[in-house]
Amino acid sequence: YAELLLEENAENLDKTQKQYAREIHRGTERMANLINAILNVSRIELGTFKMEVKEFSVTEAADMAIKDYERQIKEKTLVLVKNYARGLPPVSSDFKTLEIIFDNLISNAVNYTPEKGKISVNLSKKSDGILFTISDSGIGIPSDEQNKIFDRFYRASNAKEIMPNGSGLGLYIAKMLSGQSGIKIWFESEGENKGVAFFVLIPLSPPTKQVEK
């Protein structure tokens with residue numbers, strides 16, 4: 001309902017009412033994201049996170065993840081550049097896993113890139129799979145904190161200043177899930193206020209163990 005109130009055709013709300021609706025929407029999103037993150041952590045650590053291998057297009061998966069953040073991208077007047085290689089083959093993997101990984105990375109790029117900044121999403125074919133790359137002109141990761149960025153509950157000091165209520169679970173979940181599905185994830189950042197690039201290498205087919213399962 002908060003989303004409906006924020007639609008452009010909701011002309012009956014004044015500026016203050018729209019701001020209240022926006023805060024309600026952001027608050028419910030934060031709660032929902034936190035609950036989902038905690039549930040996913042529990043499932044992963046207990047070994048009950050179920051993966052279903054199927055064939056799908058990484059291009060479609062990336063576009064679906066981006067679509068969820070179109071409103072925030074518009075509100076912050078961010079420049080989004082997509083560069084997808086043509087003729088990318090489908091992958092055989094767990095769609096839900098890739099969806100969670102993409103969602104966490106896109107969310108971070110949107111949240112930690114200042115207004116009128118730039119986000120680039122690229123897909124390219126490599127010899128060992130398809131490479132998803134998302135880079136931004138955001139706050140970056142302090143050099144002395146980069147070795148902890150995938151730790152559970154860890155948040156970089158500059159990220160805490162911008163979003164004090166973050167859970168510190170997003171990248172931890174992404175790393176844990178990637179390890180279970182044969183996906184590789186890493187990043188590059190020259191330091192604070194110099195942006196960051198995350199890379200996700202998705203194999204065309206899952207590890208043998210998962211195929212048998």
For [Y], does its backbone N or O pair with a side-chain atom of [X] as donor and acceptor, under 3.5 Å?
{"X": "D103", "Y": "E99", "value": "no"}
{"X": "S57", "Y": "P90", "value": "no"}
{"X": "N158", "Y": "P142", "value": "no"}
{"X": "S178", "Y": "I185", "value": "no"}
{"X": "E145", "Y": "S157", "value": "yes"}

Take atom [atom1] of [X] as the centre, draw a 6.0 Å sphere, and report whether it contains more than 12 heavy atoms from other residues, nucleotides or ligands.
{"X": "Q17", "atom1": "CD", "value": "yes"}
{"X": "K175", "atom1": "NZ", "value": "yes"}
{"X": "K194", "atom1": "NZ", "value": "no"}
{"X": "Q19", "atom1": "CD", "value": "yes"}

Heavy atoms only: give me the nearest [X]-[Y] pair and the separation to one decimal.
{"X": "V53", "Y": "S92", "value": "CG1-C, 4.0 Å"}
{"X": "S181", "Y": "P203", "value": "O-CG, 4.5 Å"}
{"X": "A85", "Y": "S124", "value": "CB-CA, 4.1 Å"}
{"X": "I66", "Y": "V121", "value": "CD1-CG2, 4.1 Å"}
{"X": "K118", "Y": "S120", "value": "CE-OG, 3.6 Å"}
{"X": "K76", "Y": "V110", "value": "NZ-O, 2.7 Å"}

When you compare the side chain of [Y] with that of [X], does any pair of heavy atoms fall below 4.5 Å?
{"X": "L171", "Y": "L105", "result": "yes"}
{"X": "L98", "Y": "S93", "result": "no"}
{"X": "L123", "Y": "T59", "result": "yes"}
{"X": "V196", "Y": "N108", "result": "no"}

CA sep, side-chain torsions, deciding dist, call: V58, L88, side-chain contact (heavy atoms from CB on, under 4.5 Å) = CA-CA 8 Å; V58 176; L88 291 173; 5.8 Å; no
What is the distance from atom [atom1] of [X] to atom [atom2] of [Y], rounded to the nearest 0.5 Å?
{"X": "I119", "Y": "K82", "atom1": "CD1", "atom2": "NZ", "result": "12.5 Å"}
{"X": "S137", "Y": "L78", "atom1": "OG", "atom2": "CG", "result": "8.0 Å"}
{"X": "S167", "Y": "Y172", "atom1": "OG", "atom2": "OH", "result": "12.0 Å"}
{"X": "T77", "Y": "K116", "atom1": "OG1", "atom2": "NZ", "result": "5.5 Å"}
{"X": "E3", "Y": "T28", "atom1": "CD", "atom2": "OG1", "result": "7.5 Å"}
{"X": "K96", "Y": "L177", "atom1": "NZ", "atom2": "CG", "result": "9.0 Å"}

Does anything in residues 51-79 pair up under ring pair (Phe, Tyr, Trp, His ring centres under 6.0 Å), and if so which pairs, sequence neighbours excluded?
-> F56-F95
Qualifying ring pair (Phe, Tyr, Trp, His ring centres under 6.0 Å) pairs, either residue in residues 119-162, two or more places apart |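 Listed once each, the pairs are F102-F132, F150-F187.
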Determine, using the 4.5 Å side-chain heavy-atom cutoff (strictly less than), whether [X] and [Y] are members of one ILVMFWY cluster.
{"X": "M163", "Y": "F198", "result": "no"}
{"X": "I134", "Y": "I149", "result": "yes"}
{"X": "I173", "Y": "I35", "result": "no"}
{"X": "Y84", "Y": "L204", "result": "yes"}
{"X": "I73", "Y": "I106", "result": "yes"}

Can you name the residues that form a salt bridge (Lys or Arg N to Asp or Glu O under 4.0 Å) with R43, not counting sequence neighbours?
-> none
Would you sort out whether E75 and R22 count as a salt bridge (Lys or Arg N to Asp or Glu O under 4.0 Å), showing the intermediate values?
-> CA-CA 11 Å; E75 287 178 350; R22 195 172 291 115; 3.5 Å; yes
